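Please read the structure below before turning to the comments.
Everything numeric here is computed off the predicted structure, so don't read it as measured data. The analysis underlying the following values was restricted to heavy atoms, covering all of them including side chains, and did not include hydrogens, waters or symmetry mates.
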Amino acid sequence: MTTLVTSETAESAAPEQVLSRRRGYPAYVLRKFLGACGSLAFVLVLNFFLIRVLPGDPARTLGRGRFTNPEQLAAFTKTYGLNQPLMKQFLVYLQNTFTGNLGISLRYRVPVSQLLVDRMWPTLLLVGSSTILATVIGVWIGIIGAWNRGGKFDKITTGATLTLYSMPEWWLGLLLIAALAVGVGPIPGLFPTGGLHSTGVDPASLKGVLDTAWHLTLPVITLTLAYVAEYSLIMRSSLLDELGEDYLTTARAKGLRDVDVRRKHAVRNALLPTTTVIALSIAFVVSGAVTVETVFSIPGLGLLSTEAVSIPDYWVLQGTFLVQTGAVIFAIFIANLIYGLLDPRVRT
């Protein structure tokens, strides 16, 4: 079982070993940074070859029956450089990506980079708020449930979280729309059924901010409930494993209060696997946001991806894939840095 280096064990550790771990953090950060860069490079290569490995003419695949004559097909091929050698296309693709030129949307006829920036903020609001709430609530439920294992609170929360964990995000969203937006029987709907803003409201005003929060309430609750279950179960399981460790008995024998044993030792150690799971689940939160944004008609990256698949708008798909995978790689990189701070032994 992975256990943190606490103050007691640190005192007994060799001074050279402790000093080596402290000095090893910059090298640890550099290794993780290079690993993140390698992952991003792989994503860039995959993003380029994903369409070009498909059988047939890439221009006809991208056009999907839109061209009525060979002249239109030739003009499209020349515009997007599909008639150039593959290696030259790849170099142009890298140059355009690093300069923010991701192409022109086939549906909206605007630059993909501009489209992604416009659609990014609703997704950041949704995913960011949901992740923070799910983490705080889930970790708290896991701590209280594990520390009072078998109690009434533990039984109720475990049953509720297992139920929520088994429900898809879109199904949970539809239930909340039916219950709290449409209304049930004499109970009227309290929240909008979808959208991000009301008609005629300036989003930049105070009224617009409150209106946006009102529209995001049900989507945020949906995504929060979907992942608070996973975080609470992981935290509960990790803390239960820590409760049987000898160092907690030693801490109690030294006269530490129960709350200090829990807060300074057990919880801190149990946060290690929970931190990893939260970072790795960012990818699933983003994928869950795709279905939630579609159900609630929120104009974010998730709904944009769904619209791009239906056309298909490959340049938008490339852009959204690059942004979403980049966000996941960055989240995992930050989690590795936090992990290195929590447990110095992983630095070696």
Heavy-atom pair of closest approach, residues [X] and [Y]:
X	Y	result
G319	V112	CA-CG1, 4.4 Å
S238	A270	CB-O, 3.5 Å
T99	N96	OG1-O, 3.1 Å
L317	T320	O-OG1, 3.1 Å
L164	A229	CB-CB, 4.1 Å
A181	L218	CB-CD1, 3.9 Å

Please check this pair: side chain of [X] against backbone of [Y], looking for a donor-acceptor N/O pair closer than 3.5 Å.
X	Y	value
T294	V290	yes
Y28	N336	yes
S129	L126	no
S113	G100	yes

Working to the nearest 0.5 angstrom, can you tell me the gap between [X] [atom1] and [Y] [atom2]?
X	Y	atom1	atom2	value
M120	L115	CE	CG	10.5 Å
N47	T97	CG	OG1	7.5 Å
I177	L172	CD1	CG	10.0 Å
L271	I234	CG	CD1	12.5 Å
T224	I132	OG1	CD1	10.0 Å
C37	F333	SG	CZ	8.0 Å

Measure the shortest side-chain to side-chain distance between [X] and [Y] over non-hydrogen atoms and say whether it is less than 4.5 angstrom.
X	Y	value
N101	Q95	no
T157	S232	no
L102	Q318	no
Y231	I141	no
W121	L125	no
F48	L44	no
H215	D211	yes
Y227	T135	no

query = Does a side chain donor of either E307 or Y108 reach within less than 3.5 Å of an acceptor in the other side chain?
reply =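 Y108 and E307 do have a side-chain donor-acceptor pair below 3.5 Å.
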Cluster link [X] to [Y], ILVMFWY, side chain under 4.5 Å:
X	Y	result
L225	L175	yes
V209	L196	no
V228	L162	no
L133	V292	yes
F42	F321	yes

Contacts of F153 that satisfy ring-ring contact (aromatic ring centres under 6.0 Å, His included) - sequence neighbours left out = W140
Pairs meeting criterion salt bridge (Lys or Arg N to Asp or Glu O under 4.0 Å) with involvement of [range], two or more places apart:
range	answer
residues 197-208	none
residues 153-164	D154-R236
residues 120-138	none

Neighbour count above 12 (heavy atom, 6.0 Å) for Y165 OH =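 No, not enclosed.
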inquiry  = Please check if the number of heavy atoms outside W214 that lie under 6.0 Å from its CH2 is greater than 12.
reply    = yes
With [X], the side-chain contact (heavy atoms from CB on, under 4.5 Å) member among [options]:
X	options	value
F191	L176, L180, L216	L180
Q324	V43, I329, L301	L301
F296	T193, L303, T222	T222

task = Start with the C-alpha distance between M235 and V267, add both sets of side-chain angles, then the distance that settles side-chain contact (heavy atoms from CB on, under 4.5 Å), and finish with yes or no.
result = CA-CA 9 Å; M235 187 64 197; V267 171; 4.0 Å; yes
message = I'd like to check the side-chain hydrogen bond (donor to acceptor under 3.5 Å, both in side chains) partners of S39; sequence neighbours left out, ordered by chain and number.
response =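 By the side-chain hydrogen bond (donor to acceptor under 3.5 Å, both in side chains) rule, S39 matches no residue at all.
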task = Just jot down the side-chain hydrogen bond (donor to acceptor under 3.5 Å, both in side chains) partners of W147, sequence neighbours excluded, or say none.
result =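 Expected list: D258.
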